[in-house]
Number of protein chains: 2
Amino acid sequence: MGEGAGDCGRGRVTLQDVAAHAGVSRSTVSLVLRESPLVAAETRERVTRSMAALGYVYNRGAATMRGGRTRTIGLLVCEITNPFFAELTAGVDQVMDAAGCATFLANTGESADKQDRVLQRMREHGVDGVILCPAAGTPASLVGRMRDWGLPCVQALRHLSARDGDYAGSDYRLGMELVTEHLVRLGHERIALVGGTLNHSAWADRRAGFAAALKRHGLRADIVLRIPLTRRAGMEAAAALLARSERPTAAIAFNDIVAIGLMLGLSDRGVQPGRDFAVAGFDDVPEAAMARPALTTVATQPFQIGGEAASLLLRRIADPHGAPERVIVPTRLIIRESCGAVPRRERGRAPRSA
Amino acid sequence: MGEGAGDCGRGRVTLQDVAAHAGVSRSTVSLVLRESPLVAAETRERVTRSMAALGYVYNRGAATMRGGRTRTIGLLVCEITNPFFAELTAGVDQVMDAAGCATFLANTGESADKQDRVLQRMREHGVDGVILCPAAGTPASLVGRMRDWGLPCVQALRHLSARDGDYAGSDYRLGMELVTEHLVRLGHERIALVGGTLNHSAWADRRAGFAAALKRHGLRADIVLRIPLTRRAGMEAAAALLARSERPTAAIAFNDIVAIGLMLGLSDRGVQPGRDFAVAGFDDVPEAAMARPALTTVATQPFQIGGEAASLLLRRIADPHGAPERVIVPTRLIIRESCGAVPRRERGRAPRSA
DNA sequence: CGCGCATTTTGGATCGATCCAACAATCGCG
DNA sequence: CGCGATTGTTGGATCGATCCAAAATGCGCG
């Protein structure tokens, strides 16, 4: 069917074909495509009809060659199966879709090697910019290297250097101070921090907030466990916590997943979280409200962070030489049941959260 | 630094520049790039060094124009924040990364409109193919339309027509028969099915399996609830289940998230899942093994499905006119505690699963 | 009518890599 | 030495859209 250009499908309709069909020149069709006010209404109408009739598809690759942008960005996350990164991704997608940009996704799996490889590939594809959740072990020099490449980059959730480059994330430090203060107010003096095995800013910030809050009250921040960030590892960490000589009465986990595992491990050992032991999480994933007891945690709004990171990247692409920005999405302490009763015995049972 | 081509960064190094630096022609550099055996070892060496010295980046867009593939594919998922789709995405990423392809991700949010828009955009970017988890309400004609476009497409998890086009997914029907049989064997006669609000093949298949298994035993499949696929809706569905005149003794949920919500709702109402009421899930997300009681469910291995979908798409791109394939990843019934005791009273407490 | 001016339209050059046919260099061998 | 085969290398044309300077068109007005 149609102009009989090729044999069987790969005969793509070009702007030239549309021009011939509408009886105008390539240039005019190009102007119509880009909604230039220069073309007469009647001509525009005719060309538009020809495009529809031939089933024309814009070839963005060809357009790019003549010096333009690709309207394409890259998103590198550490672990897409982590709901936290999945939410971030959804936020990025929403903003980028609205801006008419397509997003390359790559799951680095915390491997700096894969991250390098993927970044290289995205460069070859000519992405206009990148949103990067740096894998643990990424050298801080990467930011400078990307600047040399002329590739706009927004770091998200984690950053390689405290002052360098664009960044969107939460104030983990403040969030951690909030929960820690909360536990101290409830009377806890021996509070454990249960973190991941990897070193990156999201961990350093949490740890700093934890230490700062305890220090303010003359308490020591010396109970720190480092375990894989899985439900199961959290469950197993309960034993380690209970076995300590000076047994802690509360624990704050790096994230909700670990906190929920921790609660399970505690109750499996006859220690009821929220009554015999306080547990707090971080992130406020949907699961947290549904846990039993419902989990006290710090909301970090990853979807919003994703949206902010995307908007910031679009701004940076439009103005590559602008001053670096750091967008901090506020955290909120969400008080539920899991830190409820300790150390005073509570009256009956804690109220259900809505 | 370097050749001083442009003013401040956008002066990209081209193949021509490399050629000049190495004292050969464009064509030779191009051959080196594509690892042709035609180039002399000494020349190859020299060119390689020049590329490194100038910081050359391959421009895949330009290469594409001359008729080649983009080495780019599109992945359209319904809801990336659903762990099931996130796992699928990770599986796709793994295979595509290994094949040197970049993946455009789009989150359609079950909107056929957004799906159309995104598909169009991906066509403009010249993707070599698409992995599509069709949004609910997608017209079955889409498969044919994509064929007309000459755009290879693998449907994943859901399909628009039972026989048309390439597909990778689980055998939901068989999986559902397995759980249903399991519950019947345990003595249940009034079993509820708790599904989502949307109509698509993943629901139709489950429902068919449920009905078939019950019919084999002369039981009626008439208790079917349709609720949003969230933990909270599952929790609220417990009330509806318990309120029915002929109260069911067991329920199978569309997925684990709903099942876990259901269990919470039941125990909040004093009905202990696994003892007073049997609950089964679907998918086997990590959370299922950690729930209390641990959830009996059907493992569907979304990561593997993603990998299979990606491999199939690569095959289809290599051979666009090959016969359609349907890859079915087997399901497994995972028996844990949540269907334990009913209807006979059980001795003591169910054993903990490892 | 011819000129200036505003409005539309146009063809050639261009982006950066690939394809292809042709060419240069080297070698074996009768 | 001449010829064909083999091995390396090359320049011109090409992909499809955009940029730009220039041309065509229409219109008002002295």
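Chain naming here is simple, since letters A, B, ... match the order of the sequence lines and numbering starts at 1 in each. Atoms considered below: every heavy atom in the structure, side chains included; atoms not considered: hydrogens, waters and symmetry mates.
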note = Contact string for nucleotides 5-12 of chain D, one letter per nucleotide 5' to 3', B = base within protein heavy-atom range under 4.0 Å, S = sugar-phosphate only, - = neither, reads ---SSBBB
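Separating the CE atom of B/M65 from the C1' atom of C/dC19 is a distance of 14 Å, rounded to the nearest angstrom. Rounded to whole angstrom, the span from the CZ atom of B/R60 across to the C1' atom of D/dG16 amounts to 19 Å. A straight line from CD of A/E124 to P of C/dT18 spans 11 Å, rounded to a whole angstrom. Between the CD atom of A/Q16 and the C1' atom of C/dT9 there is a distance of 15 Å, rounded to whole Å. In this structure, B/N59 places its CG atom 18 Å from P of C/dT14, rounding to the nearest Å. If you take CG of A/D17 and C1' of D/dG16, they are 10 Å apart, rounded to a whole angstrom. Going from atom CZ of B/R69 over to atom P of C/dC19 covers 13 Å, rounded to whole Å. Distance A/H125 NE2 to C/dA17 C1': 14 Å, rounded to the nearest Å.
Sequence neighbours left out, not one pair with a member in residues 30-71 of chain B passes ring-ring contact (aromatic ring centres under 6.0 Å, His included).
Ion pairing of B/D17 with B/R26 is absent here, as no side-chain N (NZ or NE/NH1/NH2) approaches a carboxylate O to less than 4.0 Å. Salt bridge annotation for B/R158-B/E110: present, with a cationic side-chain nitrogen under 4.0 angstrom from a carboxylate oxygen. In summary, B/D164 and B/R147 engage in a salt bridge, as defined by a charged side-chain N under 4.0 Å from a carboxylate O.
With sequence neighbours excluded, the residues satisfying side-chain hydrogen bond (donor to acceptor under 3.5 Å, both in side chains) with B/R34 are B/S30. Judged as a side chain to side chain contact (heavy atoms under 4.5 Å, CB included), and not counting sequence neighbours, the contacts of B/T43 are B/V24, B/T28, B/V39, B/A40, B/R46, B/V47. Listed by chain and number, the residues in a ring pair (Phe, Tyr, Trp, His ring centres under 6.0 Å) with B/F104 are A/F104, B/H125 (sequence neighbours excluded).
Side-chain nitrogen and oxygen atoms of A/S30 include at least one within less than 4.0 Å of the OP1 or OP2 phosphate oxygen of D/dT18. Close to D/dT18, at under 4.0 Å from its OP1 or OP2, lies a side-chain N or O of A/R34.
Terminal axes of the helix from C/dC1-D/dG30 to C/dG30-D/dC1 (five pairs each, C1' rotation axis) are separated by 70°, to the nearest 10°.
Using modelled atom types, one side-chain atom of A/R326 and one backbone atom of A/A162 make a donor-acceptor pair closer than 3.5 Å.
In this model, no donor atom of one side chain and acceptor atom of the other lie less than 3.5 Å apart for A/T14 and A/Q16.
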